[in-house]
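Beneath this line is the structure, given in structure tokens, with notes to follow.
Numbers restart at 1 for each chain; the letters A, B, ... are given by sequence-line order, proteins then strands.
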Amino acid sequence: MKTESILEKVITSGNLALTSECGPPRGTSSEKVIEKAKMLKGYVDAVNVTDNQTAMVRMSSLAACVFIKQLGMDPILQMVTRDRNRLAMQSDILGAYAHGINTMVCLSGDHPYFGDHPMAKNVHDIDSIQLVQMVKDMRDKGKFQGGDDILNPPKMFIGAAANPFADPFELRVARLAKKINAGADFVQTQCIYNLDKFEKWMEGVRDRGLHEKIHILAGITPMKTAGMAKYMKNRVPGMDVPDEVIKRMSGVPKEKQADEGIKISVEAIERLKAVEGVKGFHLMAIEWEEKVPEIAEKAGLLPRPEFGN
Amino acid sequence: MITAERKPMEELIECLRPYHRILLVGCNECVTVCSAGGRKEVGILSSALQMAFMKEGKTLEIREITLERQCDPEYIEELVTDISQAEAVMSMACGCGVQEIAKRFKEKPVFPAVNTSFMGASEQQGVWAERCQGCGDCVLGITGGICPVARCSKQLFNGPCGGSTTGKCEINPDIDCAWQLIWDRMKALGIEENYEKNMPPKDWRTSRGGGPRTIIREDLAK
């Protein structure tokens with residue numbers, strides 16, 4: 001074991017891991033974070049806490065992580081390279097680890113163009129792969145990126161994202177390899193609706209033996225409505241929603257679409273469980289956290305393993 | 001070249017309002033090539049300003065001159081006579097030219113007539129696109145001749161990000177994904193293996209990270 005991360009324990013023990021996600025509020029109420037996190041308590045191993053997702057200002061991921069940690073849960077600190085340079089990121093990593101946060105996900109972040117501050121200067125001092133490398137060197141070499149020693153280095157279990165659906169497809173396995181080379185321990189994938197394409201990507205991953213070098217958590221997002229499905233297909237960059245899925249969501253009456261969305265997610269999990277190299281699931285129920293226990297239950301992912309902490 | 005675009009007329013009129021005699025200075029270099037501030041544009045702006053002020057019942061006397069290079073003190077010297085007769089200067093050069101005038105003629109107000117944009121190339125008649133950010137440590141030899149600093153919206157050194165779609169950038173379908181271009185070029189050159197070499201964090205000291213930059217060539221400097 002490289003870290004104290006519960007996620008690492010679950011995966012290493014051979015169980016399918018289950019993570020979920022919590023977006024901090026666009027304001028100062030800690031209750032919002034606590035309320036969302038409590039819905040997930042006991043149903044997932046750890047909870048990703050997003051970092052100004054979609055480039056909209058929100059309570060900081062680190063602050064929200066601390067609230068979740070105080071509930072006796074395991075937050076995963078998401079960190080994007082868009083808003084901070086390497087000094088700021090490293091200091092937040094030290095602070096997070098001092099608060100007992102030992103798992104993080106390194107991302108480049110949505111471009112400010114998509115958010116509520118399109119006029120902001122985007123930083124991008126380093127990119128997501130360089131961030132992975134930096135966190136690994138902090139952990140394994142006990143060094144800051146600038147080369148100095150760290151007192152009590154942070155031991156982070158290091159995550160990254162993978163999008164098998166973006167272009168060019170032929171680079172998607174290679175880019176995973178780059179993340180492995182940089183030091184990523186696990187990846188959470190983009191929401192999977194096109195299962196055939198995901199399986200094809202996994203084939204490429206296995207062909208190179210990469211599934212043995214990194215833990216892959218398959219991303220699942222239940223859709224609430226046919227409208228949401230269409231929005232994701234047409235408006236969200238890098239999202240692949242096949243027409244059959246839209247058809248299936250549109251094919252049921254409005255009041256039953258949420259149930260259909262959950263059914264699609266459960267079926268996807270069932271199918272992906274059989275894919276060699278899939279070590280678990282990342283269930284992103286966006287503003288729909290209350291459905292996570294139901295989906296986890298139906299997909300046979302409960303109860304979660306316990307490790308006495 | 002350094003590209004620029006002329007500022008909106010209203011803004012130019014507003015800053016010239018207090019004056020009656022100005023010197024309008026073009027530049028024969030980059031801004032001429034990108035049709036923003038060469039001799040031709042000086043003439044056009046001069047007429048437009050005079051007409052605009054005439055409508056307001058005011059006369060604006062404009063003397064026009066276009067220097068060979070406004071970023072060079074040697075050529076700036078040519079302004080000495082004309083500038084003494086003007087109350088203010090409007091420069092149609094890039095920001096470098098404007099600052100050279102300000103430096104040489106300390107008592108004379110100088111206003112930029114253009115917004116200096118980027119270092120770019122001409123894509124077609126009337127279209128220019130950014131190519132270089134002058135980061136001071138060129139990586140084009142590794143990236144197949146396409147710059148990730150200037151051309152990737154997120155300046156990724158290890159792209160493409162998850163938003164690359166059919167060769168285009170997620171922020172605008174008119175912008176090429178730099179990493180798609182880099183990959184295509186690597187394939188064309190048969191250097192695909194370069195892709196998986198992780199590029200380390202950049203040392204931005206050679207860029208603006210190290211403060212304003214100076215180049216000193218000992219062999220040339222006096």
Side-chain angles (χ1 to χ4, degrees), chain A residues 55 80-82 85-86 89 107-115 118 122-134 137 145-146 160-184 187 189-191 208 219 235-240, chain B residues 133 135 137 139 142-144 146-188 191-210:
Chain A
V80 302
T81 62
R82 175 195 60 222
N85 70 5
R86 62 192 91 178
M89 286 191 278
L107 307 159
S108 58
D110 295 310
H111 195 276
Y113 175 84
F114 296 102
N122 51 131
V123 180
H124 297 129
D125 174 20
I126 57 175
D127 67 24
S128 57
I129 288 178
Q130 293 162 345
L131 174 56
V132 167
Q133 181 78 56
M134 183 169 82
D137 290 346
Q145 203 276 324
N163 184 0
F165 309 106
D167 293 323
F169 182 68
E170 57 187 331
L171 275 190
R172 292 297 146 188
V173 172
R175 194 146 190 267
L176 180 73
K178 291 188 76 158
K179 292 192 175 187
I180 294 169
N181 287 340
V187 283
T189 76
Q190 175 68 284
C191 319
R208 294 186 52 179
R235 293 292 183 81
V236 183
M239 192 74 78
D240 183 347
Chain B
Q133 290 213 338
C135 73
D137 182 16
V139 295
I142 307 168
T143 57
I146 289 114
C147 179
V149 182
R151 302 181 68 177
C152 168
S153 298
K154 295 183 183 174
Q155 297 196 333
L156 299 184
F157 279 84
N158 298 281
C161 77
S164 178
T165 309
T166 56
K168 298 297 176 183
C169 175
E170 66 176 18
I171 75 163
N172 183 341
D174 293 331
I175 299 174
D176 290 323
C177 167
W179 274 95
Q180 176 78 57
L181 298 178
I182 292 170
W183 176 240
D184 292 345
R185 185 89 168 115
M186 282 178 171
K187 281 196 292 188
I191 53 165
E192 291 96 323
E193 72 279 4
N194 273 12
Y195 177 76
E196 285 198 32
K197 291 179 191 151
N198 283 8
M199 285 175 77
K202 192 172 177 62
D203 182 343
W204 292 106
R205 278 175 293 188
T206 57
S207 181
R208 279 288 289 126

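- Formation of a donor-acceptor pair under 3.5 Å by the K178(A) side chain with backbone atoms of Y195(B) is found in this model.
- Taking CG of D127(A) as the reference point, atom NZ of K202(B) lies at 12.0 Å (rounded to 0.5 Å).
- Contact tally against chain B (heavy-atom pairs below 4.5 Å) for L131(A), N163(A), L107(A), I129(A): the top residue is I129(A).
- Side-chain contact check for F157(B) versus I126(A): every heavy-atom pair is 4.5 Å or farther apart.
- For the set P112(A), A162(A), S128(A), G238(A), the entry with the most heavy-atom pairs within less than 4.5 Å of chain B is G238(A).
- Interface check for chain A: of the options P201(B), G163(B), C177(B), the most heavy-atom pairs under 4.5 Å are formed by P201(B).
- Heavy-atom pairs under 4.5 Å with chain A were tallied for C161(B), P200(B), G167(B), G162(B); the largest tally goes to G162(B).
- Contact of D125(A) with chain B is made through backbone and side chain together, with heavy-atom distances under 4.5 Å.
- Atom OH of Y113(A) is surrounded by 12 or fewer heavy atoms from other residues, nucleotides or ligands within 6.0 Å.
- The CG atom of D240(A) sits 10.0 Å away from the OG1 atom of T165(B) when rounded to the nearest 0.5 Å.
- The distance from atom NZ of K197(B) to atom CG of N181(A), rounded to the nearest 0.5 Å, is 12.5 Å.
- N122(A) touches chain B through its side chain: at least one heavy atom from C-beta onward sits under 4.5 Å away, while N, CA, C and O do not.
- Contacts between K168(B) and chain A at a heavy-atom distance below 4.5 Å are absent for every atom of the residue.
- Shown here is R208(A), whose CZ atom has more than 12 heavy atoms of other residues, nucleotides or ligands within 6.0 Å.
- With a 4.5 Å cut-off on side-chain heavy atoms, W204(B) and R86(A) count as touching.
- In terms of heavy atoms, Q155(B) sits closest to H124(A) at OE1-O, 4.0 Å.
- For D167(A), the parts lying near chain B are the backbone and the side chain together; criterion is any non-hydrogen pair under 4.5 Å.
- The line from CG of L156(B) to OG1 of T81(A) is 7.0 Å long, rounded to the nearest 0.5 Å.
- Between E170(A) and K187(B), some side-chain heavy-atom pair lies under the 4.5 Å cut-off.
- With a 4.5 Å cut-off on side-chain heavy atoms, R82(A) and K154(B) do not count as touching.
- Contact check for P160(B) versus R175(A): side-chain heavy atoms found under the 4.5 Å cut-off.
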